[in-house]
Structures are given as C-alpha cells and as structure tokens.
Number of protein chains: 2
Amino acid sequence: MKTKGKATSFDIAHFAGVSQSTVSRALRNSPLVNEETRRKVWEIAKKLNYKVDKNASNLRTQQSATLAILLFEDPTGDESQINPFFLNMLGSITRACAKEGYDLLVSFQSISQDWRAEYEDSHRADGIILLGYGDYMDYQSRLQNLLAQDTKFVCWGAKVEGRPDLTVSCDNYGGGELAAQHFISSGKKQCVFIGDASEHSPEFLMRFKGFKDTLEQKSISLSERNIANAISTEESGYHATHSLLANNVKFDSLFAASDLIAIGAIKALKEAGLKIPEDVSVIGFDNIAAANYITPSLSTVQQNTTLAGQMLVSNLLALIKGEQITETLLPPKLIIRQSTS
Amino acid sequence: MKTKGKATSFDIAHFAGVSQSTVSRALRNSPLVNEETRRKVWEIAKKLNYKVDKNASNLRTQQSATLAILLFEDPTGDESQINPFFLNMLGSITRACAKEGYDLLVSFQSISQDWRAEYEDSHRADGIILLGYGDYMDYQSRLQNLLAQDTKFVCWGAKVEGRPDLTVSCDNYGGGELAAQHFISSGKKQCVFIGDASEHSPEFLMRFKGFKDTLEQKSISLSERNIANAISTEESGYHATHSLLANNVKFDSLFAASDLIAIGAIKALKEAGLKIPEDVSVIGFDNIAAANYITPSLSTVQQNTTLAGQMLVSNLLALIKGEQITETLLPPKLIIRQSTS
DNA sequence: ATGAAGTTTGACACCGGTGTCATAATGTCG
DNA sequence: CGACATTATGACACCGGTGTCAAACTTCAT
C-alpha cells in the first residue's frame, strides 16, 4: 500500500485504474469528471495521504498562493528585541493571509544591509509586504526599483514616491492632532515632542506635523527647543527626555512618536522626580501591550493592527489581480489612561 | 533588452550564445564551467535581473530550503492578543532560519481546529517546527501521525511520546526549582502555585513539579488548596488568584506558570490591598517584555528564546539531513525584580 | 603522430503537476 | 437511423530548472 517516498498523482491513477490527467481533475473537483470516479480518486488519495506537490503545481500555473513579508528591523543593532508593534502586525497579517488561503513567508531584513526582495522574482511569492519604520534614503530608490520591475508589493506606512496608492498606513497626521487636542482640552500650554521629525521617518514626521499644526491653531508654539530627537527605542526616548530636562526646557505635556519612546521618557521623568500626569502628561503612539502595564499606564494613539493587516493583504491581492487600489488611511484612536487625565 | 515576463535561463543562454545547461551550471558556480563563460553568464543574468525559479528548482531537486512553523494559539478565543513569548520565539526562529539560508513559512493554527501540517507533504517545506502550549489530548495522536508519515519536525516544549529527541525545551522542572529555592531562601513558608498542573499542559506540569518537589524537601507542603488552575492569560490568572483569596487561602509567595498569569495575579493581589513583595512575593515564567514594565516589576524565570530558536532550527536541519539528534534542555535563569526581594 | 587524461560543452530525460486537444462513450432529436 | 450535442477520459506538450551522459576540444606524454 505504502510506496516509498511521497505518493504522486500517478500512484493514484494506477490504483484507481484511470489516467493521471483524470486524477488531477478529480482532485481539483473539476466538473468534467464523473461523480463516481471523483469519489474513488479522493478515497485513494486520502488513503495514500497524498498532497499536491506545490512546486510542480506552482511551476505550471506560475503562481504560488504565497505572500512574503519583509520586516525591517529598527536601526538599533539590538539583537534581542523586536518592536512589539511590528510583531502584532505580523500576527494580524498572518491571520489575514490564512483567511484568504495564502501562505506567508517571513523574512527579517536589516535596513542597513542590502535587502533582497527576490521572493517574487524567484516565484516564491506572488507579492510582497514591506513593514518597518524605514530610513528611507536608500529605501526609496529600491522601491522605485521594485516598481520598475513590476513587482507586486504594498508598504506599511511609507509613502512611495509618485505611487501613494501602494501604501496602507495609519492616519499619522490625524493621530498627532488627537494628541494635541487632548493636551489643549486639558489646559496644557507647554508641549514637547520626542521622535524623529525628519524625512527619514515619514510616519514620525506626519505625527509631528499633525501635533504641531493643531497646537499652533491654538497659538501654542512648538519651538526647536521643544523637540528632541529619538529613534523608536526605550533608551533613545530616555536619553532624549533626559537632555530636555538637562537643558532646562519647561513643559507640562509630552507627545512621543512611539510607545517605546514614551516608556523611556516616563522613566526619565520619574527619575527627575516629576509626577505623571500632574507635572507632565504623556501620550505615546501605537498602543503596544506594555503601554497598559507600565505605571502610570500610558495614554496613546492606537493603530488598528488587525484592520491594518487585513488591508495590507487585501490591497496586495487586488494589486496582484491587476485591480486598481487606492491609498488606505486607517483612523487612529486615542486611548486615555493614567498618564494623562 | 527586457523580455516580457520574467527572464529564464534560456533567455540568458540565448544572449550568451551558450546552451541552457551551461547557464545553469555557471550560475551555480559549478567548477565544470570555464571562467570566462561564467563571468559572461553572470553579467547577462544581472542585466536581465534574472532569478532562479524556485519552483522549478525545488521540483527537480526535491527540496525547498524552507522550514514551516505552526504556531498554536492559546486556547482563548481572544482575537487580538498573541502570547508575546511566542512572538519572541517567532522572531528568534526567523533570525536563525535566515542565518542558515532557509526561508520560513508561518502559519497560525487554532488548537481546537483541525490543523494541517501538510507543508512538508506538499513539498512547500523541508521540515516543520511546532510551537505552542499544547492541549495534548488530540495533539499527541497527531504527532504520532506525523512520525508515521516520516515528516521531519521538532517541537517546542511538548514531549513526543516515545521520541523525546524531537523536543527542544526549557528545563521547566529546573525553572520550578529556581522559583522554590528563591522563596525558601527568603524565608517564605506558605506558597501557592497558579497554572494548569495537569497533563494537558506538560510544561506547566513540569514547572509545578520542580516547584513542589523542592519545597517538600524543605518540608513545605503544597496542598490542593494552594493550587489554582489557570490557562496562560492575564484574565485567567486574575480570576484564579481572586478565588484563592476568596477561599481564604493564606500565602506569602506565589509562583505563576507564566508571566501573563502572574500579571493577572498581581492585579488581583493589589486590588485585595496586599503589598508586593512585603505581603506576597510573586514569580512568573517566560520573562516577556511586560514583566519589566509592570509595577512592581516581575521576578521571573527566563527562557532563552534566542538560543531556543537556534536550537529548534539546527535540530530540525540535522533531522532533515538524517542525523541523530538528542533532546535539548535549555537552562532557565531566575531574574530577580521588585516582586520578590 | 597517437593514445590517454583533462576540460568544457550540449543534448536530453526528468521532477509532478496543469491545460489543451483529440477521442471514445453516451444521449438526443428530427 | 444517422447527425449532432454532451459527457468523460486519455495522450501529450509544457512550466523552468537540474543531473547524467556523450561528444568535442585541449593538453601532454609516449
């Protein structure tokens, strides 16, 4: 009964006394095949524990029912920790793929290194999802490259020059607005922003702009002194806040471009003997799990990762099918916890 | 220059004026091919942005340079949250795969549902990594099934009946010992355990046994009343602790089978007005990120996820190569934070 | 010059499916 | 009953590589 190695459709054909073509059709429930033959074929297939060889099948059909995700790590050389926000995204993308019947190839890429998006070229995947806070200097030109090669891909967060329709992102500008509005309505007057307000981090820049513009509408200015640079790590947030305090910058409210930064900031504030939220209100961005666990718990702008994953996948699939897709902006939501109130 | 669709080795052969066979050899740096021809082929390949079609290649060679990971979710129906410990494992496994030149297919499986491990059968992957706190009733029989089909796989944490060599796990028993020793050396007398101390959760059971045995050596007994059932979620830990308190069980130290449980427990203890660690010391298991963020920060038994990922991958690769592998037990490490001291 | 050994190359079968086309079997209708 | 549509099946080319084998061409020693 059990042949050596894996069973092939020829084995089934042999046992069923039909041709291999018929087996192939029967297994894919083609209407061309007789009901009884179909049942017999299925039965034998099950008995032999037969599974279609995806390589052969994909080779013939020229598609893979697989998507690839390239996860760009934060520019820290830090070996152990991955931004939990992206892990959440990874989880929701995996789920979305499963729902659509696609497999998912995962790959981590160091931004600094030469990254390879050859999954599609090599027919491993039908399309690619790019995920990461990018440092876009070199990145942008590579995206152009992908476009030129007609590779199907969608990006999280990062705008693609000239092709905004390939982007799924949270409304970062709107998120910045929410933070500012909350500070304004609680009577805060002296705000600071911590993050990278440059083109290197498009998302951070948008958050900053939404924050700043809204404040300025209420005549609250955000001077250079009130902006501290940080990348998305706890240490970086800690140091940035530390230097603000060291420079004697006065502030009653702090908006961090990400939760990790905010967590570092809170640590620095506590160490300086400042009370949160009495002395300083703090708002982060992402709503990672830790935001709920720290003391005080962190108010933050939540990104809907479940929806984001679904949109990335469905947009990519539409793109693969050749459909037009439009840029997707997901609404952010302010979660109020103890760090403001 | 640019042909329609992706370039094939025939295209290169045509431009280089050699046969397709030679192109194939040249691209794989076979010593059989002349140095000059090789350079010419590579040059043209680069110009055409040629990438080997993995489907064709895998079909012929009957291997995929890909591993698959099946991530079993916790038995909560909870849509949004994935146990952060497993996400960490996922990250380290991804890195380990990349280091070995393998791709990784990720798939989430609900334990309750019929899970499919057909990645190897369908030649999508050369081997499979199973990851999850399992409910092993049905699980075990399926593992036997995989064994019978000669599928290459390794498991995290779950012992495979009769084949312990397929397991990579933390020394859970030793971890339980560490927790008990720490309580003993800080003079605790009344301990409780929260988790699932049954065969349904082998890891939890081992943690429990190590804990209990060590306590009993010092004549500290752990009666039925001092054990509360919980699955690995915050809510479950919260409720379990709540019911201990409601039952008037007296204790000065609490060992939770996972950090999530411990976090729930701490919440319940705080609500009951108990001080940590003065009234009750708490130790968790896993060292997830949140353990460091909560107040008080959580002492916990750390599992080395980086090493675990590497071992899972290297063991699986050895298994695929047909080598003998032995069960791997990773040493746990007690991290002391504010919740004990 | 000639046979042996070494180097480089091309022809061709093969991996295991899928899709097209021809053919056989059965049914329908004027 | 013959023409024709319908249904079910088999033969075969094909996807794009890899591996084997034989052949062509060098090089070198005899």
Side-chain angles (χ1 to χ4, degrees), chain A residues 3-42 44-45 48-66 118-126, chain B residues 3-42 44-45 48-66 118-126:
Chain A
T3 59
K4 66 179 62 176
K6 311 277 180 204
T8 72
S9 53
F10 283 93
D11 298 330
I12 299 179
H14 174 250
F15 285 119
V18 296
S19 76
Q20 181 269 337
S21 304
T22 303
V23 171
S24 173
R25 278 189 289 254
L27 291 174
R28 282 173 299 143
N29 291 319
S30 155
L32 292 175
V33 60
N34 182 287
E35 183 56 36
E36 193 181 347
T37 344
R38 188 208 318 283
R39 269 193 297 108
K40 202 197 311 178
V41 166
W42 271 98
I44 297 175
L48 294 181
N49 193 42
Y50 170 83
K51 296 282 154 37
V52 174
D53 184 317
K54 292 285 188 187
N55 288 317
S57 163
N58 293 342
L59 173 58
R60 182 62 225 248
T61 59
Q62 299 289 34
Q63 41 146 323
S64 61
T66 300
E118 60 190 36
Y119 289 106
E120 203 218 335
D121 294 327
S122 63
H123 292 272
R124 294 293 313 250
D126 298 335
Chain B
T3 59
K4 66 180 62 176
K6 310 278 181 201
T8 73
S9 53
F10 283 93
D11 298 328
I12 299 179
H14 174 250
F15 285 118
V18 296
S19 76
Q20 182 269 338
S21 304
T22 303
V23 171
S24 174
R25 278 189 289 255
L27 291 174
R28 281 173 301 143
N29 291 320
S30 156
L32 292 176
V33 61
N34 182 285
E35 182 56 35
E36 194 180 347
T37 335
R38 187 207 318 284
R39 269 193 297 107
K40 202 198 309 180
V41 166
W42 271 97
I44 297 175
L48 294 182
N49 192 42
Y50 171 82
K51 295 282 154 36
V52 174
D53 184 317
K54 293 284 188 188
N55 288 318
S57 164
N58 293 342
L59 172 58
R60 180 62 223 245
T61 58
Q62 298 291 32
Q63 41 146 322
S64 62
T66 299
E118 61 189 37
Y119 289 106
E120 203 217 336
D121 293 327
S122 62
H123 292 272
R124 294 294 312 250
D126 298 335

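The structure displayed is predicted, hence computed values, not measured ones. Naming convention: chains lettered A, B, ... in sequence-line order (proteins, then strands); numbering from 1 in each chain.
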Nearest-0.5 Å distance that lies between atom CZ in R39(A) and atom OG1 in T37(A): 9.0 Å

Separation between OH of Y119(A) and NZ of K54(B), rounded to the nearest 0.5 Å: 9.0 Å

Do you know which two heavy atoms are closest between [X] and [Y], and how far apart they sit?
X	Y	value
D53(B)	N55(B)	OD1-N, 2.8 Å
D11(A)	T8(A)	OD2-N, 2.9 Å
R124(A)	S64(A)	O-OG, 3.4 Å
N49(A)	K51(A)	OD1-NZ, 3.4 Å
V52(B)	S57(B)	CG1-CB, 3.9 Å
S19(A)	A13(A)	C-CB, 3.7 Å

Exam field: side chain W42(B) to backbone A26(B), donor-acceptor pair closer than 3.5 Å: yes

Remember a base hit wins even if backbone is also touched, and classify [X] as base, sugar-phosphate or nothing at under 4.0 Å, heavy atoms.
X	value
S9(A)	sugar-phosphate
R28(B)	sugar-phosphate
Q62(B)	sugar-phosphate
T61(A)	sugar-phosphate

R38(B) and E35(B) ion-paired at < 4.0 Å: yes

Just the table, please: protein N/O against nucleotides 4-6 of chain D N/O, every pair under 3.5 Å.
none

Earlier contact from the 5' end, DNA chain C, for R60(B) and E35(B): E35(B)

D53(A) vs S19(B), nearer the 5' end of DNA chain C by closest nucleotide: S19(B)

Outermost nucleotides of DNA chain C that come under 4.0 Å of a non-hydrogen atom of chain A: dG16(C) to dT20(C)

Residues R25(A) and S21(A): side-chain donor-acceptor under 3.5 angstrom: no

Toward the 5' end of DNA chain D, by each residue's nearest nucleotide, L32(B) or L59(B): L59(B)

Net bend of the helix from dA1(C)-dT30(D) to dG30(C)-dC1(D), end axes of five pairs each, nearest 10 degrees: 60°

